[in-house]
Structure formats: structure tokens, C-alpha cells
Amino acid sequence: MSTNVQDEEDNLWVAIWGGYRVEKRSSETGALLAVVDVPAEHVSSCCLIGNQTLLITSSGDGLSGEHVGKLFACPVGVSAGAFYPFSAE
């Protein structure tokens, strides 16, 4: 399981389930551009917020430890990419 978000430079930030990290990858080549280490094994999701901060969640379901089921914030120097609102009606 992993989730990702696209930044304003069209790169992907991918939460790595079981990997203690979020990876920044080129959306064109897939090349690894950066790694954000997270002190929790099961990184479950990530998103970029307006002040160039990456919010990261970790799973706590059935796990124990100081950092499971937590929300982390990391400055990354890039904002989220464009989004396109839609109606689910």
C-alpha cells in the first residue's frame, strides 16, 4: 500500500508502506530525487500543504511503538501541484 501526491514541479511524493520513508520521484523518469525518513515503519499517506510542508501519516493498526499512528510534518521547499475540483453528483 502506498499513496502519493504531485508537487508543483510535477514530481511525485510516494509514501512507502513498510519502508520508514516517503520518496520524491520524477514523474517523467521515475528517478529517485529525495527521501524523507520517517520514524515509523508503515507510512500510510502524505500530502503537501500551502506552506511547502509535507504532512505524513503512519499506521497504528495492530502495531506498537512510540511513532505508530502519528502525524508528521516536514518542510520540503515545494508546494502542491494544481488540482482540479469536480462534483461527485
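Side chains are part of it too, since the values below use all heavy atoms of this structure and drop only hydrogens, waters and symmetry mates.
Of the inter-residue distances, the one linking Ser79 atom OG with Glu9 atom CD reads 9.5 Å to the nearest 0.5 angstrom. From Gln52, atom CD reaches atom CG of Asp7 across 10.0 Å, with rounding to the nearest 0.5 Å.
The minimum heavy-atom distance between Val68 and Gly60, with the atom names listed, is CB-CA, 4.0 Å. Leu12 approaches Ser27 most closely through the heavy-atom pair CG-CB, 4.2 Å. Between Cys46 and Val22 the shortest heavy-atom distance is SG-CG1, 4.2 Å. Of all the heavy atoms in Arg25 and Glu23, the pair that sits closest is NE-OE1, 2.8 Å.
Remark: Thr53 pairs with Asn51 by the side chain to side chain donor-acceptor pair (under 3.5 Å) rule, at least two apart or across chains.
Criterion: ILVMFWY side-chain heavy atoms under 4.5 Å apart, direct or through other members. Under it, Ile49 and Leu71 are part of a common hydrophobic cluster. Neither Tyr20 nor Val14 shares a network with the other; the hydrophobic side chains, linked directly or stepwise wherever heavy atoms of I, L, V, M, F, W or Y lie under 4.5 Å apart, form separate groups for each. The hydrophobic cluster containing Val36 also contains Val78, counting ILVMFWY residues as joined when their side-chain heavy atoms lie under 4.5 angstrom apart, directly or transitively.
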Start with the C-alpha gap between Ile16 and Val43, add the side-chain angles, then the distance that decides, and say whether side chain to side chain contact (heavy atoms under 4.5 Å, CB included) holds.
-> CA-CA 6 Å; Ile16 305 299; Val43 179; 5.7 Å; no

CA sep, side-chain torsions, deciding dist, call: His42, Ser58, side chain to side chain contact (heavy atoms under 4.5 Å, CB included) | CA-CA 6 Å; His42 294 305; Ser58 67; 5.8 Å; no

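Note: His67 and Phe72 have tilted aromatic rings, judged against thresholds of 30 and 60 degrees for the angle between ring planes.
Between the side chains of Ser59 and Ser44, not a single donor N or O lies within less than 3.5 Å of an accepting N or O.
Put simply, the residue from Ile56, Leu48, Leu33 that forms a side chain to side chain contact (heavy atoms under 4.5 Å, CB included) with Trp13 is Leu48.
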